Structures are given as C-alpha cells and as structure tokens.
Amino acid sequence: MNKKYAIGIDYGTQSGRAVLVDLSNGAELADHVTPYRHHVIDKELPGLEIKLGADWALQHPADYIEVLETSVPAVMKATGIDPADVIGIGIDFTACTMLPIDEQAVPLCFHEAHKRNPHSWLKLWKHHAAQEEANLINETAAKRGERFLPRYGGKISSEWMIAKVWQILDEAPEMYEAADLFVEATDWVVGQMTGNLVRNSCTAGYKAIWHKQEGYPDNAFFASLDPRLEELTATKLRGEVLPLGTKAGGLTPEFAVKMGLLAGTAVAVGNVDAHAAVPGVGVVEPGKLVMAMGTSICHMLLGTEEKEVEGMCGVVEDGIIPGYYGYEAGQSAVGDIFEWYVEHAVPAYVTEGAREEGISVHEWLERRASRLQVGESGLLALDWWNGNRSVLVDTDLTGVMIGYTLLTKPEEIYRALLEATAFGTRKIVDAFHNSGVHVKELYACGGLPQKNRLLMQIYADVTNREIKVAASKQTPALGAAMFGAVAAGAAQGGYDSIVDAARNMARVQEETFKPIPENVARYEKLFQEYTLLHDYFGRGANDVMKRLKEQKEELVNANNYIS
Ligand SMILES: Nc1ncnc2c1ncn2[C@@H]1O[C@H](COP(=O)(O)OP(=O)(O)O)[C@@H](O)[C@H]1O
Ligand SMILES: O=C(CO)[C@@H](O)[C@@H](O)COP(=O)(O)O
C-alpha cells in the first residue's frame, strides 16, 4: 500500500491553518495559514456600518470556508501528494464559537433579510456580552441544585452555548425564531464538507452542558430560565451527538473540488483546538497537564474519576481521549495581553529600538526582561485583561498592575504581564492537584512556547514543574489529522484508535524547561501576594472592576446599536 496521509485543519482566533501529515510517523510535510479576511469583528458589522455593543466578538463564516479552499490546495500543491493517498480530514476549532443557521444550514447572517442584525452573526468564543445571562443561569442552577453545576466548576461561562443562545433570545427574539439550529462552528464546517450536520461530544459536553449519560439539562431547568427556552434542546440544539474520531461522512463532490481532494474522503466529527492538541503532544494518560498556549491558554488533563474542581471549565467523559474523564480549565487571555501591551502601550523608543535591531517588539522586550531578577521590578499584575475563566469564572473582572514608580521600565511591565499569566496557570494547577486530579508534568503546545523562552522558564519556575514542549508547531492541527486518520480507520491505512495514532505520530522536543530552585522560592512569595490581590478583587471584597465596567458599558451601549 502507498504511504497514507491525513490533513488537519486548525481554526484559531485569527487564522486557519492546514497541515498535511504522514500517518506512518506524524511528520508534517506542509502547512499553510489563511488569515481570516474579516478578522475578529468587534466594532461594527463588515461593510454595514452597524456598531456593536461592548464585549461583542463576531466572525464571518465565509472566512472558514476560504481556509478550506486556500490552505488545503496549498498543502497538496506543496507536497505533490496524490489526493487518493489522503485518507482522512479532521478539524479543530475555537469554542464555543457558535452560529444560528436555517433549515439548509445557511448562516442567518448570509440572508439579506437578517444580516443587519448583529445577532444573526457568528459569535466567537470570546464574545463576552452574555454575562448577564450567564449570571442568571448560575443563580438558577444553584438554587435548583442542578447536578450539572459541579461538573463545570460551579459556574457556566458567558462564553458558552446556553448563555449565548439566551442573549439572542433576550435581545433579538426574531433571530431566535428564525434560527432552525444553533451550532458550533466546528460542526457547521464539518457539515459543509460532508453534507451531514452532526454534533461532536466534545463541544456538546464542554460548551453546551451535555452529558454522556444524562444528556442536556431537563426542560424544567430551561423553562425556569425563560419559558421560551423550555424546548431548546429538543428543537434548536437537536441533533445526534457523536464521539470524537467518529466519521461524520465523506467529502461531498462540491467540497472535493474546492479542496483538491477526492469525494468520499473520510471527515471526522468536529473537535476543539485545545482538546485536539492533547493527542497531538502524545498525551493519552492521566497526570500530564497539556497547555495549549496562544492568545489564551486552555489547560487539559485526563482523569479516571469524575471529581469536582473549583472553576474548571468542565469534566466530560470521553471529552478528550475515549476511556478517560477529560478535564478542561483555562485563562481567557494570555498572548492577547502581551499583544495589547505591544500594540497599545509601549513607548515609541521601544518600537524604534526593535526596528533598528530587526526584531519584533516582543523579542526586544523579552531580551531585556530576561536580564531582570525575579521580583526586581517591584511589579505585580492580575491577568484579567479578558476577564477570568479560571477559578473565579467571571468575565467582568479586569486587569490590574501594582507597584509602578517613576523608574518603571517597559520590559519590567512586560515581564510582570508574563508572570501574571504564569500565576494564573499556577492557580489552575493547584486547583486540580488539590482536588485529587494530580498534575505531575506539564506539556506545552501552541504558538507561545515557540515564541518566548522567558515565558516558558517563568511557567516552570512558578509551577515548580518541568515543562515538555511539543515538537510540532501545529499541535492542534496534528491532533485533528490524527482524528481524521481514526475516522478513516486502520483498514484504509489510518488508525482504529486515537491512542494508536498518538503513539505513532506524536513527539515532544528533547529540550525541556526545568524549574530553577532559586526562582521557585522567590516566585512562591510573589504568588502569595498574587493570591491576596486575586481574592481581594475577585471574591467580592472590592467590586470596583465591575462598577467601572458597568459605567463604561452604559456609555458604550447608549451610543451604539445594541441597547
Ligand atoms: N514573542 C512573543 N512573546 C509572547 N507572545 C507573543 C510573541 N509573539 C506573538 N505573541 C502572542 O502570541 C499570540 C498568538 O498565538 P498563536 O498560538 O500563534 O495564535 P492562536 O491563539 O490564535 O492559535 C498573540 O496573542 C501574540 O500576542
Ligand atoms: O475555549 C477554548 C477551548 O475550550 C479555545 O477555543 C479558546 O480559548 C480559543 O483558543 P486560542 O487562544 O485561539 O488558541
């Protein structure tokens, strides 16, 4: 039999990338990135001059199809591989990134009649304007003693499906009515490729409160939120939920032409970026926490029992690797915080200095920040530039930096921001470990480990754990390709299980980041200070962040379309 290949497509926040992988050893033979033409839509609807409210974040579904039409033919062309030897396709996606569609699976925002209504558009994972609904979901679920709540760390996030759907119903009931289904973007894209719209157990479990044994919460719960939601799960969330690695269908002739592949090629059910990364780094057993480090961080861990962990995003049976409980936690901004600083807050001399040295502003700052000792700057920050998705689960929390003086330097601020995100991760590691879901080693993948060595050393020091880094630069895409190979099956030259695929295809780099004892001790003290600050602003002693945000939102919303 000829060598066989699979294509994994990773849909990130800013771009989509396809990777063509050799199934015998996981070698990535070609990759290609397609930036989203319409970027993240957070100010106004493209070409329509309709302003969006505070905390909105949308995307254009057509951008995702463009990734298939551009990046897949590009990797095929770069390798010259015969399409007949590409036996499987898998995709992974940000989540909960959801959209309303009509009976033909056409996004409502493609309809002339609906496109001017922002609620007809696709809501990106970091759309945070449904916090009010999330608060009510949490209050109601707690009052009713809903069994699902502990499985989500005690709180359902405003980033997730039910809060987003309810926001649509609250603010645009006509869009709620017009929607035949609300679906995750990952399922929609798979549905486009195969003509078969199915839901995957990963997004259903982590983002839509679906449970393998119990299904969705019952109608009475939804009715207690809003009587109009009573039938939600049987109507607009209906559809078969299939386990990861299942074949959703074969590529349609139309998409085969668009993508330069053969009709009928196996397509796996959709998956989430962070979750696909776990087999992508070769983790198929408990004790190894995988950090998918990019604009945000998702922390993924396997366990043999269902435990309650404060603030975790969720525990889902078979949610990552079949046979285990998959735990997810996360920080809603990490790289995004560094980007904010680099783009909006560094003085001109830094940008010019970086240009003169021919390096990026990040690299310029990293070089200088590396020369600082732990604690030397006297700065401490809270990493809540995009809310808190960790133990506090509250998108209304905002950032803090403490310890400025007239002598504070940009590289000191940059380092304090790197450290703040490491402290955020430490909170998550401790929460798991202390709840009996043990964390022995850390595995890192995503863009950040390749970009910033100082960041990785800080994470090793702050968590006092060794960090192994994925050999692949495209770990979620590699993981997605593995699921594509499982969808095809061993008889076609793929694999019968994701564990087999991971054993043959995943690798980590030889070099690891080991904690430096002296730094560990110093960071321990700083972490105690971080915890004081974290609890003061995050657990109700001072709700100043929320009051400021309320004031701001009143003004923004008064001036914009959404009221
Ligand atoms: N040298 C760097 N150090 C730290 N962060 C960086 C550096 N270069 C880029 N970034 C950040 O990396 C993030 C992008 O990460 P990446 O993994 O490529 O994307 P995504 O999360 O969309 O998959 C951006 O938020 C950017 O600010
Ligand atoms: O929330 C999840 C996964 O559950 C992510 O999709 C979301 O944090 C976005 O990830 P990226 O920062 O784009 O890698």
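Keep in mind the model is a prediction, meaning the values are calculated, not measured.
With 3.5 Å as the limit, one finds a donor-acceptor pair spanning the side chains of Gln331 and Asp383. In this model, no donor atom of one side chain and acceptor atom of the other lie less than 3.5 Å apart for Thr395 and His128. No side-chain N or O of Ser332 forms a donor-acceptor pair with one of Trp385 less than 3.5 Å apart. Defined by atom type and a distance below 3.5 Å, a donor-acceptor pair is present between the side-chain atoms of Ser71 and Thr34. For Ser120 and Asn117, the side-chain atoms include no donor-acceptor pair closer than 3.5 Å.
With hydrogens and angles ignored, the 3.5 Å screen pairs no side-chain donor or acceptor of Lys123 with any backbone N or O of Ala129. A donor-acceptor pair under 3.5 Å is formed between the side chain of Asp318 and the backbone N or O of Gly323.
For the atom pair CG of Leu237 and CD of Glu184, the computed distance is 10.0 Å after rounding to the nearest 0.5 Å. Within the model, atoms CG of Asn219 and OG1 of Thr233 stand 5.0 Å from one another, a figure rounded to the nearest 0.5 Å. Atom CH2 in Trp166 sits 4.5 Å away from atom CG in Leu225 (nearest 0.5 Å). Rounding to the nearest 0.5 Å places CZ of Arg238 at 12.5 Å from CD of Glu231.
Two residues are said to be in side-chain contact when any heavy atoms from C-beta on lie closer than 4.5 Å; Leu58 and Leu45 meet this criterion.
Within 6.0 Å of atom CZ in Arg144, more than 12 heavy atoms from other residues, nucleotides or ligands are found, so the atom counts as buried in its surroundings. Other residues, nucleotides and ligands contribute more than 12 heavy atoms inside 6.0 Å of the CD atom of Glu174. The neighbour count for Glu112 CD, taken as heavy atoms of other residues, nucleotides or ligands under 6.0 Å away, does not exceed 12.
Ionic pairing of Arg17 and Asp10 is present here: one or more N-O contacts between side-chain nitrogen and carboxylate oxygen are shorter than 4.0 angstrom. Salt-bridge check for Arg37 with Glu66: passed, with a basic side-chain N closer than 4.0 Å to an acidic carboxylate O. A salt bridge links Glu328 and Lys207; the closest N-O separation between the charged side-chain nitrogens and carboxylate oxygens is under 4.0 Å.
Residues Leu478 and Gly280 share a closest heavy-atom pair of CD2-O, 3.6 Å. The two residues Leu392 and Lys155 make their nearest non-hydrogen contact at O-NZ, 3.1 Å.
When each of Tyr11, Tyr64, Tyr36 is checked for a side-chain hydrogen bond (donor to acceptor under 3.5 Å, both in side chains) with Gln59, only Tyr64 meets the rule. The only option from Tyr176, Trp188, Trp160 that meets the ring pair (Phe, Tyr, Trp, His ring centres under 6.0 Å) definition with Phe182 turns out to be Tyr176. Put simply, the residue from Asp42, Asp336, Asp55 that forms a salt bridge (charged side-chain N to carboxylate O under 4.0 Å, His left out) with Lys126 is Asp336.
Using bins of under 30°, 30° to 60° and over 60° for the plane-to-plane angle, the ring pair Trp121/His60 lands in the perpendicular bin. Between His111 and His114, the two ring planes are tilted [angle within 30° to 60°].
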Derivation of the ring-ring contact (aromatic ring centres under 6.0 Å, His included) call for His211 and Tyr216: CA-CA 6 Å; His211 188 266; Tyr216 293 104; over 10 Å; no
